[in-house]
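Structure record follows, encoded as structure tokens.
Note that ligands are numbered from 1 as they come in the structure, with each ligand's atoms numbered from 1 the same way.
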Amino acid sequence: MKIIKAEVIVCAPGRNFVTIKIETDQGIYGLGDATLNGRELAVATYLEKHLIPCLIGRDPFDSEDIWHYFYRGVYWRRGAVNMTAIGAIDMALWDIKGKALDVPVYKLLGGKSRQKLMAYTHAQGRDMEETIDKVAEKVAQGYQAVRVQSGVPGMKDIYGISNDKKSYEPAIIGQKPIEESWNTSKYLNYIPKLFSKVRETFSDDLHLLHDAHHRLTPIEAARLGKELEPFNLFWLEDTIPAELQEGFKLLRQHTSTPLAVGEIFNTIYDCQDLITNQLIDYIRMTIAHGGGITPMLKIASLAGLYHIKTGCHGPSDLSPINLAACLHFGTAINNFGIQEYMGYADLTMEVFKFSHDFKNGFFTMSEAPGLGIDMDFEKAKKHQYKQAYLPVNRLEDGTLHSW
Ligand SMILES: [Mg+2]
């Protein structure tokens, strides 16, 4: 089998998505998600101008060699743009392999390690009351795990909350990012009170998660983790900027709250110290930004040696193709933890055809060959890309801070 053509599809059914479609001489094509929120065209151009020309004529079954060809062969290794492009190709190659052999991809990765996959969703409110109502809504929908984010009294903006009643969409259409503001002390004073109320309102069995979005120092995160211990969180996510992996040592010494990180990592070298020193409990890298299924299997194997489970990043700014790839990966590995799932806009699901079933907070896999995902290419063309950026974030005195 040979790759004869590959194209990049940039579309915006509800929001911007980048997809690679790789075609073979046997009439089979594979799809991969190449979406990098706010930097979409960088990945699209990199694929079109530099990677696709080197793919033509290759055997799609040689996914391991193709991965190393693009990872090592580029000389300039790592980085989000580079790894998202490689990840999309790798995803599409596994899709082709599954279709060619007429099996779902998970059967090529080790088969079924579980019958269903638990997902967590997001509940967010502008204040405590609205947040409790949103958690109740998600519980009524059958979710057993909910990420809880709330507006903080005295703060205008906060990560994960929209200022109106609309669903939360952080990427804003425009030529420049919007600017938000942040106050760590108000946040730290409020979050334990919020979780006290949430735990008091809902069953002890409900899994609660929270995301600090890289905004704390290690000692601030240590205080938060310690104060949240009575409320038994499933995980506390992205407390500190993780470029400094050693920062987790200090945090880990002070709290037994389980820690999750990794959505902005793109290679095993971003989490190697965190894993081998047992500084985290969940690794949140996702297939699209982690360089594809091929390297993520290796990361999961390393993590499994150290009692660490997966919790793949899966917000609605990655396409349903990435979600499908995460589900095949999560079905096959032993140390699956949980899958993030926010749902998608109706418009998104008109373009992306998703075959896996979701009910009462759990996914079950379809037996469709490949990733079990397809696209309506004609409909995709009708939704044109619009430039959009994630916000930037400043402290109240104007200092640039992590968003
Ligand atoms: Mg996060």
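Ionic pairing of Asp281 and Arg252 is present here: one or more N-O contacts between side-chain nitrogen and carboxylate oxygen are shorter than 4.0 angstrom. Between Glu367 and Lys107, at least one side-chain nitrogen of the basic residue sits less than 4.0 Å from a carboxylate oxygen of the acidic one, meeting the salt-bridge criterion. No salt bridge links Lys97 with Glu64; every basic N to acidic carboxylate O contact stays at or beyond 4.0 Å.
Applying ring-ring contact (aromatic ring centres under 6.0 Å, His included) to Tyr143 and the options Phe362, Tyr120, Phe358 leaves one that passes, Phe358.
For the Mg ion (ligand 1), the count of nearby protein N/O/S atoms, taking only those under 2.8 Å, is 3.
Ring pair Trp182/Tyr187 is tilted by interplanar angle, where 30° to 60° counts as tilted.
Taking both residues in full, the closest heavy atoms of Pro258 and Tyr282 are given as CB-CE1, 4.4 Å, listed atom of the first, atom of the second, then distance.
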